[in-house]
Structures are given as structure tokens and as C-alpha cells.
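Below you'll find the structure, written out as C-alpha cells, and then a few comments.
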Amino acid sequence: MNDSDVSKQIQQMVRFIRQEAEEKANEISVSAEEEFNIEKLQLVEAEKKKIRQEYERKAKQVDVRKKIEYSMQLNASRIKFLQVQDDIVNAIKESSSKELLCTSDDPKAYRKLLQGLIVQSLLRLKEPSSVLLRCREVDRKLVESVLEDSKREYAQKAKVTAPKIIVDSVFLPPPPSGSERHGPSCCGGVVLASQDGKIVCENTLDARLDVAFRQKLPEIRRRLLGVHD
């Protein structure tokens with residue numbers, strides 16, 4: 001084999017080795033690109049997942065804040081409604097209380113009312129001997145003028161001997177006035193008690209109004225405000 005043949009074989013071997021090297025390099029390049037793309041895709045998906053999780057977390061926070069704000073607004077609305085409701089009801093009660101003051105303007109009608117309140121109180125107390133009566137100072141003479149008739153009416157209704165009625169020297173508060181609207185006051189009526197003070201029947205117009213108001217409050221709310229208790 002001459003030098004020319006040897007040279008050709010060497011060139012063929014070089015070409016073969018180079019081809020194999022290129023093919024191997026291509027395989028490595030393709031494999032590396034595939035691995036890179038897979039890793040890149042995994043990284044992208046991981047970032048997408050983190051972004052979604054962060055978005056969901058913030059969305060939940062916003063939703064919670066909205067619910068809290070809605071609840072606070074709803075509570076504020078309820079409180080405001082209850083306040084308005086109480087204001088209306090109190091205004092009605094105050095108006096009724098003012099009308100009660102007019103009751104004593106008619107002495108004849110008020111005298112009859114006082115007698116009825118005294119008889120009713122006696123029937124509730126059922127005291128056999130004596131009772132203590134308290135009234136407003138302005139009503140004392142009117143009360144004293146109906147005592148005998150009251151005792152006689154009570155004795156007939158209860159079929160008992162009429163008890164002794166002692167008018168207390170301590171009076172109920174006076175009628176409300178413009179200068180003392182927030183102080184103790186009484187629109188009229190009487191308070192009777194057993195002599196030992198253990199049994200008390202409060203039959204003032206204010207007490208009667210309170211009782212009537214408590215009993216009628218559900219109906220008042222329903223008719224005026226559409227509220228059902």
C-alpha cells in the first residue's frame with residue numbers, strides 16, 4: 001500500500017469519525033434542547049401555579065373584606081332602623097303622655113276617673129283594715145272629695161266593710177312642666193299601698209300608659225313600621 005492509499009484511508013477514517021462526532025453532537029444538542037424545554041416548561045408551569053395561588057389568595061382576601069364590609073353596613077343599617085323605630089315609638093308615647101295631661105283639665109271627668117282608679121286599687125289590694133293613698137299635691141282636694149264614694153262603691157262590689165283610707169302627706173311628683181321636662185313628673189292618678197307597705201298598687205296615669213304601651217307595642221310596630229315581633 002503506497003502513501004496515496006494510506007492517505008485516502010486516513011481521510012476516510014477522519015470523515016467517519018467527524019460524521020460520528022457531528023451526529024453525536026447533534027444528538028447531545030437535541031437532547032439538551034429537549035431537557036431545556038422540559039425544564040423551562042416546568043418552571044413556567046410552576047410560576048403559573050404560584051401566580052394562580054397568589055391570585056386566589058388575594059381574591060379570597062377581597063371576598064372576605066367585602067363580606068365584612070357588607071356585614072358592617074348591614075349592622076349599621078339595622079342599628080339605624082332600630083333607632084328610627086325607637087324614636088317613632090318614643091314620640092308616640094310622648095304624644096300620648098301629653099294627651100294624658102289634658103285628662104285633669106276637666107274636673108268632673110277627672111273626678112270620676114280618680115274614683116274609678118281608687119276602687120280598682122282597693123279591689124286589687126283586698127286590705128280589710130286600712131290603706132295608704134298617695135296622689136299629686138294638686139289632686140289632694142279632688143281625691144278627698146271622692147274618698148267616701150270610692151269606699152262605698154268598693155264595699156258594694158267586694159261585699160266587705162270599707163277600709164280606712166289615709167291620704168299620705170308625701171305626694172306624687174307634680175305634672176311635667178316646660179322647665180323640668182326631664183325631672184320626676186306624674187300626669188295624675190293614685191298609688192295605694194297596704195299599711196305595712198308590702199303590697200303596692202300603682203294606678204297612676206303614667207303607669208297605666210306604660211302597661212298599655214307594653215301590651216300594644218307589637219301592634220304599634222306592626223301597624224306603623226310593618227315590624228313583626
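No hydrogens or angles considered: a donor-acceptor pair under 3.5 Å links the side chains of Gln83 and Asp87.
When the side-chain hydrogen bond (donor to acceptor under 3.5 Å, both in side chains) test is applied to Asp105, no partner is found at least two apart in sequence or on another chain. When the side-chain hydrogen bond (donor to acceptor under 3.5 Å, both in side chains) test is applied to Arg57, the partners found at least two apart in sequence or on another chain are Glu54. Every side-chain contact (heavy atoms from CB on, under 4.5 Å) that Lys40 has, sequence neighbours left out, goes to Phe36, Asn37, Val44. A search for side-chain hydrogen bond (donor to acceptor under 3.5 Å, both in side chains) contacts involving Glu99 returns nothing, not counting sequence neighbours. Under the rule for a side-chain contact (heavy atoms from CB on, under 4.5 Å), the partners of Glu45 that lie at least two apart in sequence or sit in another chain are Leu41, Lys48. For Asp106, the side-chain hydrogen bond (donor to acceptor under 3.5 Å, both in side chains) criterion is met by no residue, not counting sequence neighbours.
The nearest pair of heavy atoms linking Cys186 to Pro176 is O-CD, 4.0 Å. Minimum heavy-atom separation, Asp206 to Cys187: OD1-N, 2.8 Å. Residues Tyr110 and Thr103 share a closest heavy-atom pair of CB-O, 3.6 Å. Here the closest non-hydrogen pair linking Val119 and Ser150 is CG2-O, 3.5 Å.
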Side chain to side chain contact (heavy atoms under 4.5 Å, CB included) assessment of Val167 paired with Leu147
CA-CA 10 Å; Val167 179; Leu147 282 184; 3.8 Å; yes

Please evaluate residues Asp139 and Val190 with respect to the criterion side chain to side chain contact (heavy atoms under 4.5 Å, CB included), reporting the C-alpha separation (whole Å), side-chain torsions for both, the decisive distance (0.1 Å), and the verdict.
CA-CA 9 Å; Asp139 294 337; Val190 293; over 6 Å; no

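Cluster partners of Ile68, using a side-chain heavy-atom cutoff of under 4.5 Å among ILVMFWY residues and allowing indirect links, are Val64, Met72. Residue Met13 shares its hydrophobic cluster (ILVMFWY side chains chained together at separations under 4.5 Å) with no other residue. With a 4.5 Å cut-off between side-chain heavy atoms of Ile, Leu, Val, Met, Phe, Trp and Tyr, the cluster of Val30 takes in none. Annotation for Tyr70: hydrophobic cluster partners, listed by chain and number, are Leu74 (ILVMFWY side-chain heavy atoms under 4.5 Å, direct or chained).
Within 6.0 Å of the CD atom in Glu39, the count of heavy atoms belonging to other residues, nucleotides or ligands does not exceed 12. Annotation: Glu144, atom CD; neighbour count of heavy atoms from other residues, nucleotides and ligands within 6.0 Å is above 12.
Under the 4.5 Å side-chain criterion, counting only non-hydrogen atoms from C-beta, Glu94 is not in contact with Asn90. Taking 4.5 Å as the limit, some side-chain heavy atom of Gln215 sits within range of a side-chain heavy atom of Val211. Proximity of Leu122 to Ile165: side-chain heavy atoms (C-beta onward) are separated by under 4.5 Å at one or more points.
Checking side-chain atoms of Ser95 against main-chain N and O of Ala91 turns up no donor-acceptor pair under 3.5 Å. Checked by atom type and distance alone, the side chain of Ser31 never pairs as donor or acceptor with a backbone atom of Glu27 at under 3.5 Å. No donor-acceptor pair closer than 3.5 Å links the side chain of Arg124 to the backbone N or O of Cys201. One N or O on the side chain of Ser145 and one on the backbone of Leu142 form a donor-acceptor pair closer than 3.5 Å.
Evaluation of the side chain to side chain donor-acceptor pair (under 3.5 Å) test over residues 151-169, restricted to residues two or more places apart or in two chains, returns Gln115-Glu153, Arg134-Asp168, Glu148-Lys151, Asp149-Arg152, Glu153-Lys157. Residue pairs meeting the side chain to side chain donor-acceptor pair (under 3.5 Å) criterion with at least one partner in residues 196-205, sequence neighbours excluded, are Gln120-Asn203, Ser121-Asn203, Ser194-Asp196, Asn203-Arg208.
Classification of Lys60 and Glu56 as a salt-bridged pair fails, no side-chain N sitting under 4.0 Å from a carboxylate O. A salt bridge links Lys67 and Asp63; the closest N-O separation between the charged side-chain nitrogens and carboxylate oxygens is under 4.0 Å.
One finds the NZ atom of Lys80 at 12.0 Å from the CD atom of Gln73 (value rounded to the nearest 0.5 Å). Note that OG of Ser71 and CZ of Arg78 are 8.0 Å apart. Values are rounded to the nearest 0.5 Å.
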